[in-house]
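See below for the structure under consideration.
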There are 2 protein chains.
Amino acid sequence: MSASITTLQQLLFDLAGVLPADTAPLFAMTRQRKLEANETYIREGDTERRLAFIEQGIMRAYIIKHNGDEATLFLRWEKQFIASHDTIIHRKPSRFIYRALEPVSLMEIDYDVLEEVLKTHPEYEPLRNFFLMRMLSESLNIMEAFVTLSPEERYRNLLTERFDLVNRVPDKYIASMLGITPVSLSRIRKRMLDKGKG
Amino acid sequence: MSASITTLQQLLFDLAGVLPADTAPLFAMTRQRKLEANETYIREGDTERRLAFIEQGIMRAYIIKHNGDEATLFLRWEKQFIASHDTIIHRKPSRFIYRALEPVSLMEIDYDVLEEVLKTHPEYEPLRNFFLMRMLSESLNIMEAFVTLSPEERYRNLLTERFDLVNRVPDKYIASMLGITPVSLSRIRKRMLDKGKG
DNA sequence: GGATGAAATTAACCTTTGTTAATACACGAA
DNA sequence: TTCGTGTATTAACAAAGGTTAATTTCATCC
């Protein structure tokens, strides 16, 4: 029994009182999947409606801008959901690329299959709600940071709230998530060090 | 019969095949509500879990920053949902203020009541999903704009995609949504005009 | 351990934004 | 019409970010 199934069974019990023994129809449709570091999980143009729960490792969602540069939209790590939102929400080919930054193990389900399961087992519905709300909450937090904080403040925020994460991920991806260039992030770090010395 | 009820009944039929005649248990729990221009709908600290569908008018969600300034998170207008996410997602007092920019009419339901209705009428569940996905989609679009576009490009985007909106709303709120100051937005507009002449 | 390549830092220069304050403009109330 | 208030513009200066390129650091692979 994988650790992530146990986690999700517990979640389903907490949310809806569904007993672990009654979750077989759901977990029968999930697959375990391993990714190597730097392996691409979803490519630009893919249409599979993948929804995954990350058991181990960090993933990065990014897009290729018109000028060819990459822009990182977000990172996701252990015990978080990751999904190709273009395909799931809009049924369009993914404009984003989802790639493992470290060796990753995840549990995935196809969203079409999940919808079928939910038709016959509406008792799992709270789980879908939970993951949508979680994603919405995270997105709103990020939006909030963009309208209320300067780049330096957003970086400080990230350091206090996700120090472990910042240390596991190359700075250039952090910079991109913050909406700035790596050069600028480097200067921010320097300014922070200089202030610290006083 | 209010126009927004008809709209939502149609939506529920398209999403889940629920006939308008079978939606009474849901719409019995909704209230029509009118707001004057500048009237506050949700105050900082409010705990009511309000979810509303805007029939007419524009609403603004904003937060008071530590320095006392306001930051506008988003605007919502006709045929959109607006909800106090701190209260609904986290069951915490709202840190955001929701206020009418114009005379507004909306249809509201308390999220706790909605959850009760959904327990006995799971056939309405697709509607909740729809509104969560809509909000998630909009949030992700905004995030995407912040990591891929410059302030000027974000403003151009807004002009092409929501020209009507920009013209109905004071620039200072637009600027705040874009993550910049009104002064800076004014300069962007001037630069755009100058280029146009060039 | 040395070579290799990617990432981070630094520098120089230019552009943009933030800040503050003064001014111009628009609109509604008296 | 005029006054008052809030909004937008402009100006001047400081601070920060973008760009490009050179340099340093670091991890990794042979």
Side-chain angles (χ1 to χ4, degrees), chain A residues 36-39 58 60 62 65-72 75 99-103 145-159 165-197, chain B residues 36-40 58 60 62 65-72 75 99-103 145-159 165-198:
Chain A
E36 298 170 24
N38 285 318
E39 186 177 345
I58 300 184
R60 176 171 79 101
Y62 66 98
K65 293 196 280 181
H66 296 299
N67 66 9
D69 289 353
E70 295 180 356
T72 296
L75 303 172
R99 183 195 283 243
L101 284 180
E102 305 175 346
F146 275 114
V147 299
T148 60
L149 304 176
S150 67
E152 172 165 343
E153 290 169 323
R154 291 200 294 278
Y155 180 62
R156 287 177 184 279
N157 234 23
L158 203 62
L159 278 181
L165 186 75
V166 175
N167 273 44
R168 281 165 71 186
V169 172
D171 284 348
K172 59 178 184 167
Y173 302 138
I174 302 290
S176 181
M177 273 177 63
L178 296 173
I180 58 178
T181 61
V183 175
S184 190
L185 177 56
S186 181
R187 287 190 288 228
I188 287 173
R189 289 158 60 93
K190 180 171 178 99
R191 279 204 299 271
M192 286 170 59
L193 275 174
D194 290 352
K195 275 188 203 167
K197 281 184 204 160
Chain B
E36 297 169 25
N38 285 319
E39 186 176 346
T40 298
I58 300 184
R60 176 170 79 102
Y62 66 98
K65 293 197 281 181
H66 296 300
N67 66 8
D69 289 353
E70 295 180 357
T72 296
L75 302 172
R99 184 195 282 243
L101 284 181
E102 305 174 345
F146 275 115
V147 299
T148 61
L149 304 176
S150 67
E152 173 166 341
E153 290 169 324
R154 292 200 294 278
Y155 180 62
R156 285 178 185 279
N157 234 24
L158 203 63
L159 278 182
L165 186 74
V166 175
N167 274 45
R168 282 165 71 187
V169 172
D171 284 348
K172 59 177 186 168
Y173 302 139
I174 301 290
S176 181
M177 274 178 61
L178 296 173
I180 58 179
T181 60
V183 176
S184 190
L185 177 57
S186 181
R187 287 189 289 226
I188 286 173
R189 288 158 60 92
K190 181 171 178 101
R191 278 202 300 270
M192 286 170 59
L193 275 175
D194 290 352
K195 274 187 203 168
K197 282 185 205 158

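Throughout, a chain's letter reflects where its sequence line sits, starting with A, and its residues are numbered from 1.
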In whole Å, I'd like the distance from the [atom1] atom of [X] to the [atom2] atom of [N].
{"X": "A/Tyr155", "N": "C/dA8", "atom1": "OH", "atom2": "C1'", "answer": "12 Å"}
{"X": "B/Asn67", "N": "C/dT20", "atom1": "CG", "atom2": "P", "answer": "10 Å"}
{"X": "A/Asp171", "N": "C/dT10", "atom1": "CG", "atom2": "P", "answer": "12 Å"}

Please list each protein N or O that sits under 3.5 Å from an N or O in nucleotides 11-19 of chain C, with the distance.
unit_1, atom_1, unit_2, atom_2, d
C/dA12, N6, A/Arg187, NH1, 3.4
C/dT17, OP2, B/Arg191, NH1, 3.4
C/dT17, OP2, B/Arg191, NH2, 2.7
C/dT17, O5', B/Ser184, OG, 3.4
C/dG18, OP2, B/Thr181, N, 3.2
C/dG18, OP2, B/Thr181, OG1, 3.0
C/dG18, N7, B/Arg187, NH2, 2.7
C/dG18, O6, B/Arg187, NH1, 3.1

When you compare the side chain of [Y] with that of [X], does any pair of heavy atoms fall below 4.5 Å?
{"X": "B/Glu152", "Y": "B/Met192", "result": "yes"}
{"X": "B/Tyr155", "Y": "B/Ile174", "result": "yes"}
{"X": "B/Arg191", "Y": "B/Asp194", "result": "no"}
{"X": "A/Val183", "Y": "A/Arg187", "result": "yes"}

Measure the spacing between [atom1] of [X] and [atom2] of [Y] and express it to the nearest 0.5 Å.
{"X": "B/Leu165", "Y": "B/Leu159", "atom1": "CG", "atom2": "CG", "value": "10.5 Å"}
{"X": "A/Ile180", "Y": "A/Leu178", "atom1": "CD1", "atom2": "CG", "value": "5.0 Å"}
{"X": "A/Ser150", "Y": "A/Arg156", "atom1": "OG", "atom2": "CZ", "value": "8.5 Å"}

Could you tell me the boundaries of the chain B footprint on DNA chain D, defined by atoms under 4.0 Å from its heavy atoms?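 The contact span of chain B on DNA chain D goes from D/dT7 to D/dA12.
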With heavy atoms under 4.0 Å as the rule, sort B/Pro170 into base, sugar-phosphate or nothing. sugar-phosphate
Phosphate OP1/OP2 of C/dT9 contacted by A/Arg189 side-chain N/O (<4.0 Å): yes
Looking at B/Arg60, B/Lys172, B/Lys65, B/Arg99, which one forms a salt bridge (Lys or Arg N to Asp or Glu O under 4.0 Å) with B/Glu70?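 Answer after filtering B/Arg60, B/Lys172, B/Lys65, B/Arg99: B/Arg60.
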